[in-house]
Every structure is written in C-alpha cells, then in structure tokens.
Number of protein chains: 2
Amino acid sequence: MTMQGVSDHPSGGAKTPLRRDSLQQQIYERLRNGLVSGAFLPGETVSSRGLAQSLAVSAMPVREALTRLTAEGALELTSSRTLRVRVLTPADFDEVTTIRVELEGMAAERAAGQVTEEDVARVRALHGDLTAAAETADADRYLAANAAFHSGIYAAARWPLLLSMIQRLWLTVGPSIRASVPDHLHMATSMRFHDAAVEAIGARDAEALRAAIVGDIETAAKDIRAFLAEEAGATD
Amino acid sequence: MTMQGVSDHPSGGAKTPLRRDSLQQQIYERLRNGLVSGAFLPGETVSSRGLAQSLAVSAMPVREALTRLTAEGALELTSSRTLRVRVLTPADFDEVTTIRVELEGMAAERAAGQVTEEDVARVRALHGDLTAAAETADADRYLAANAAFHSGIYAAARWPLLLSMIQRLWLTVGPSIRASVPDHLHMATSMRFHDAAVEAIGARDAEALRAAIVGDIETAAKDIRAFLAEEAGATD
DNA sequence: CCGCGCAAGCTGCGATCGCAGATCAAAGAT
DNA sequence: ATCTTTGATCTGCGATCGCAGCTTGCGCGG
C-alpha cells in the first residue's frame with residue numbers, strides 16, 4: 001500500500017508496467033521519485049519483500065535498490081533489522097541544507113552561464129507546472145513539480161556528477177519536507193523565489209539566479225527546521 | 001589477480017579473512033580502499049565472479065558492492081556487459097575537481113573551527129605516515145596515506161554526510177590519480193601544502209587550512225589534468 | 001595457408017531457496 | 001488477572017541456479 005503514486009515517471013508512456021533498463025535501476029528511480037515527491041514519510045517502514053510483491057517482481061532487484069538508497073542515506077537500518085525511511089535530526093538537516101546551498105548555488109551559477117534557448121523554454125514550462133500545482137495546493141504534486149523545476153535548472157549546467165550529488169541530497173531531505181509541508185504551506189513565499197529564478201535564467205544573470213535558488217532553499221529550510229525541532233522536542 | 005594489495009584495512013587484525021558487518025559492506029569498503037589507494041587503474045576490467053572467487057565468497061555480495069560503486073560513478077558498464085574502472089575524460093576530471101575544491105574547502109574550514117586536541121594529534125600522526133610514505137616513493141603507500149590524511153582532517157568537521165560525499169569524489173578520481181602519479185611524482189610539491197595544512201589546523205586557522213587544502217587539490221589537479229589530456233590525445 | 005562460422009566460455013541480472021536474528025502473539029503457569 | 005514463555009512469522013543477507021547477450025577461440029571449408 002505504500003507504493004501508490006510512485007508510478008509516473010514524467011517521461012515514460014502510460015501503462016508500461018516495468019521495462020527498460022535493469023529492473024533494479026527502474027525500481028531505484030521509482031523509489032527515488034517517490035522519496036522526493038512526498039510518497040514517503042520519515043520513519044515509515046519499508047520491506048524488500050513487501051515492495052517486491054506490490055511491484056510483482058522478485059525480492060532481488062528491490063533489495064539492490066534499497067541497498068543503494070540506504071548507502072545514500074535515504075533509508076536506514078534499525079537495530080531490529082528493519083528498513084525505514086531515515087529520520088533526520090535538526091543537526092542532520094542543517095548539514096544537508098548547508099551542502100545544498102553550496103552545491104545548488106554552484107549549479108545555478110553555472111547554469112546561468114550557459115543556458116540555451118531550449119533550456120529556458122523547458123524551465124519556463126516546468127515553472128508553469130509548478131505554479132499550477134501550487135494553486136491546487138496538492139502537496140504531493142507540488143513537491144514533484146518543485147523537484148522537477150529545480151532539476152531542470154541544474155540540468156542546464158550540464159554537469160552530471162554535480163546533478164547526481166544534488167539529487168542525492170534531495171533524496172535525504174524529501175521525506176522531511178513532505179512531513180513539514182502540510183503545516184505551513186509555504187508554497188506562496190517559495191513561489192516568489194521561483195519567479196525570480198525564471199526571470200534570472202531568462203536574463204542569463206548568474207548572480208541573481210544563485211540568489212534566488214539560495215533564498216528558496218534557506219527560506220524553506222527555516223520552516224522545516226523549526227518543524228523538525230518541534231517534533232524532536234515531543235517525545236515521539 | 002587484480003585484488004592483490006586491497007586486503008589490509010588499517011584497523012582490522014591480521015588474518016581476519018572477512019567478518020564483521022555485512023559481507024557486501026566489507027567488500028565495498030575494501031574495493032573503495034583499493035580504488036583510492038591506487039590498486040586499480042582506469043579501464044581495468046572487474047568481474048563479480050572473479051572477485052567473488054578471489055575473496056572466497058559467493059557472487060552475490062560482490063555484485064551488490066559493485067553495483068554501488070557503479071552507481072557512484074567509480075565503475076562503468078561497457079556496452080559488452082563488462083564492468084570496468086571508469087575512465088575519466090578531462091572534462092569529467094574538471095567537474096570533479098571543481099566540486100572537490102568546494103566541498104573539501106568547506107570541510108577544511110569547518111574542521112579548523114572545531115578541532116579537538118585529539119584531532120590535531122591524529123592529523124599529525126597521519127602526516128607522519130604520509131611523510132614517511134613520500135620518502136620511500138612508494139606510490140600506492142603514498143596514495144593510501146594521502147587519502148587517510150585528508151579524511152582525517154575532514155573528519156574533524158564532524159559532518160558525516162559531507163565526509164561521505166567527499167569520499168565518493170575520491171573514489172572517482174582515485175584511479176586517474178594513480179595512473180598519473182608515477183609520471184610526475186609531485187609528492188614533493190604536494191607535501192608543501194600538507195605541511196601548511198598541519199600547521200593551520202594546529203593554529204585553528206580556518207582560512208589558512210582551506211587555502212592549503214585547495215592549493216593541494218588544484219596543484220595536483222593541474223598535473224593530472226595534463227596527463228589525462230595527453231592520454232586522450234593519444235588514440236589509446 | 002588463410003578466412004569464415006559456430007560453439008563454448010565469459011559477462012551481468014533475476015529468481016528462488018535457506019538461514020540467523022528479532023518481533024509479536026497466543027497459550028500456559030503462578 | 002498478570003506475567004512468562006514459546007513458536008509462527010516477519011526482517012535482511014548469502015548461496016545457488018538459470019537465462020540472455022557478447023566475446024573469443026577452435027575447427028572446418030576454401
């Protein structure tokens with residue numbers, strides 16, 4: 001039951017059940033998508049056999065995908081040999097945020113320096129999706145669109161390693177963002193930075209783009225961090 | 001035959017064949033150690049069954065370790081379904097180097113701000129090892145000591161995620177460094193930066209430590225990049 | 001003696017089975 | 001009724017087998 005809504009990769013066709021590269025790769029991408037898009041909450045338990053059954057494959061490729069996610073810090077292995085979505089402490093979250101500012105700032109700056117017209121058009125389209133999602137106030141849809149928007153910008157930097165490292169960080173913070181977003185619904189203030197980012201990338205203004213991205217990250221982080229601290233305060 | 005010299009984890013006892021956490025974790029760490037310490041060259045082919053046999057385990061845990069390394073960009077899958085150590089293009093190398101400067105600079109700066117006396121002592125000891133290795137001009141030993149020295153500094157920042165991201169980058173560049181180091185033997189000029197780093201960390205001087213680390217990275221990168229460009233020029 | 005072709009051997013990947021721990025629930029003892 | 005204990009059933013992990021591609025080398029035809 002936990003895997004609902006993790007299905008749609010924006011690219012793929014409609015009904016394709018599962019087939020393209022290796023199974024474990026597809027499963028990994030699905031799960032990553034779900035982690036970023038809010039399909040999982042921190043602390044939620046995940047089992048390889050359970051996932052395998054709901055995906056109608058054997059436990060093997062699921063295991064390898066989960067192993068990767070665990071190694072990347074998105075999942076964690078409890079003392080009772082149970083796998084669950086990692087629960088970030090406020091300190092963990094601060095660390096991720098600091099690195100995100102550095103890496104995503106770098107990607108934004110570099111992207112602004114070499115965007116093509118196509119890149120700009122693509123980012124504008126993603127911005128449209130994001131705006132539409134924000135208006136419906138559908139948290140999951142908003143989170144997915146937000147991730148796509150940011151990745152769309154960073155992709156213009158054409159530094160695949162940097163992009164993959166950024167996406168790893170999103171993997172870690174995704175569930176915590178998901179947990180905190182229904183509270184404050186900071187979408188409105190966040191959209192201000194998104195608008196600025198679109199304008200900056202259109203103008204090829206590296207400094208403005210970096211500022212917009214960093215502002216977006218830090219503004220959202222402030223709310224999320226407060227949520228995590230409060231949650232950690234409660235005995236839970 | 002390819003696994004010679006990857007054996008000794010500095011911590012473990014002598015004869016311990018393989019036992020502690022999960023097998024795949026141990027194998028992963030061994031391989032990572034080997035990649036950073038110069039046991040592998042770019043383009044070198046690696047097979048899961050072959051490794052499994054030389055480690056006297058089944059192919060399963062080796063596969064998962066290799067999968068992880070592939071996902072992290074240390075290995076790559078050729079069109080003929082063969083796994084080999086990734087070959088970096090000069091552009092790849094530039095990307096890694098830029099990110100390294102940013103991340104390792106950040107780690108150095110933060111480390112200087114909160115080193116304990118024990119940290120300083122530990123780094124000094126590692127510096128001793130490194131100096132000794134440089135004097136013997138044993139490339140592999142030097143590379144291993146160099147990695148330990150840098151990690152020792154970054155560990156003082158006490159940001160595990162940052163450390164793991166840095167180590168992932170080392171994984172990627174390790175073999176290329178190994179391929180180029182016998183040429184120029186830049187150990188001498190590199191040791192200048194290492195000396196400066198030890199002094200800076202002792203003085204808790206964040207700016208000086210960052211400068212030493214960044215200088216070390218960029219100076220070495222200049223030589224390595226030239227080597228890669230030359231190698232790419234040759235038809236190979 | 002040279003060149004083509006087929007088969008045996010590699011490769012990674014997926015499925016299935018078995019094992020050791022840990023949890024949880026139901027049954028038995030006080 | 002409450003506490004204890006035990007077994008059924010989870011968990012992740014390792015081993016083994018089978019499959020589909022690709023590479024390689026031996027043997028056959030020219």
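Lettering of chains follows the sequences in order, A, B, ..., and the numbering in each one begins at 1. Being a predicted model, the structure only gives us computed values, none of them experimental.
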- request: May I ask you to check whether Asp216(B) and Ser190(B) show a side-chain donor-acceptor distance below 3.5 Å?
  value: yes
Length of the [atom1]-[atom2] vector between [X] and [N], whole Å:
| X | N | atom1 | atom2 | result |
| --- | --- | --- | --- | --- |
| Asp21(B) | dG21(C) | CG | P | 15 Å |
| Leu51(B) | dA15(D) | CG | P | 14 Å |
| Met60(B) | dC19(C) | CE | P | 18 Å |
| Arg84(B) | dG12(C) | CZ | P | 14 Å |
| Leu23(B) | dC19(C) | CG | C1' | 14 Å |
| Gln26(A) | dC13(C) | CD | P | 12 Å |
| Glu64(A) | dC13(C) | CD | C1' | 8 Å |

- request: Would you please name every residue forming a ring-ring contact (aromatic ring centres under 6.0 Å, His included) with Tyr28(A), sequence neighbours left out?
  value: none
task: Not counting sequence neighbours, which residues clear ring-ring contact (aromatic ring centres under 6.0 Å, His included) with Tyr142(B)? List them please.
output: none
message: Which residues pass the salt bridge (charged side-chain N to carboxylate O under 4.0 Å, His left out) test with Glu95(B), not counting sequence neighbours?
response: none
query: For Arg110(B), which residues count as a salt bridge (charged side-chain N to carboxylate O under 4.0 Å, His left out) partner, sequence neighbours excluded?
result: none
- prompt: Base, sugar-phosphate, or nothing for Gln24(A), non-hydrogen atoms under 4.0 angstrom?
  reply: sugar-phosphate
List, one per line, each side-chain donor-acceptor pair under 3.5 Å for residues 73-80 of chain A, sequence neighbours excluded.
| from | atom 1 | to | atom 2 | distance (Å) |
| --- | --- | --- | --- | --- |
| Glu76(A) | OE2 | Arg84(A) | NE | 2.9 |
| Glu76(A) | OE2 | Arg84(A) | NH2 | 3.0 |
| Glu76(A) | OE2 | Val87(A) | N | 3.3 |
| Thr78(A) | OG1 | Ser80(A) | N | 3.3 |
| Thr78(A) | OG1 | Ser80(A) | OG | 3.1 |
| Thr78(A) | OG1 | Thr82(A) | N | 3.2 |
| Thr78(A) | OG1 | Thr82(A) | O | 3.1 |
| Ser80(A) | OG | Thr82(A) | OG1 | 3.4 |

Could you pull out the protein-nucleic contacts involving nucleotides 17-26 of chain D (nitrogen or oxygen on both sides, under 3.5 Å)?
| from | atom 1 | to | atom 2 | distance (Å) |
| --- | --- | --- | --- | --- |
| dG18(D) | O6 | Arg49(B) | NH2 | 3.2 |

query: Between dT16(D) and Ser58(B), is there an OP1 or OP2 to side-chain N/O distance shorter than 4.0 Å?
result: no
field: Nucleotide of dG12(D), dC13(C), dG14(D) approaching Ser48(A) most closely (side-chain heavy atoms)
entry: dG12(D)
Residues 55-65 of chain A side chain polar contacts: donor-acceptor under 3.5 Å, at least two apart:
| from | atom 1 | to | atom 2 | distance (Å) |
| --- | --- | --- | --- | --- |
| Ser58(A) | OG | Met60(A) | N | 3.1 |
| Arg63(A) | NH2 | Glu64(B) | OE2 | 3.3 |
| Glu64(A) | OE2 | Arg63(B) | NH2 | 3.3 |

task: With axes from five pairs an end, tell me the bend angle of the helix from dC1(C)-dG30(D) to dT30(C)-dA1(D), nearest 10°.
output: 30°
Can you sort out the partners of [X] under side-chain hydrogen bond (donor to acceptor under 3.5 Å, both in side chains), two or more places apart, ordered by chain and number?
| X | answer |
| --- | --- |
| Ser47(B) | none |
| Arg122(A) | Asp119(A) |
| Asp138(A) | none |

message: Under 4.0 Å, heavy atom to any atom of DNA chain C: which of residues 65-77 of chain B qualify?
response: Leu77(B)
message: Quick check against the 3.5 Å criterion: does Asp92(B) have a side-chain atom that pairs as donor or acceptor with the backbone of Thr89(B)?
response: yes
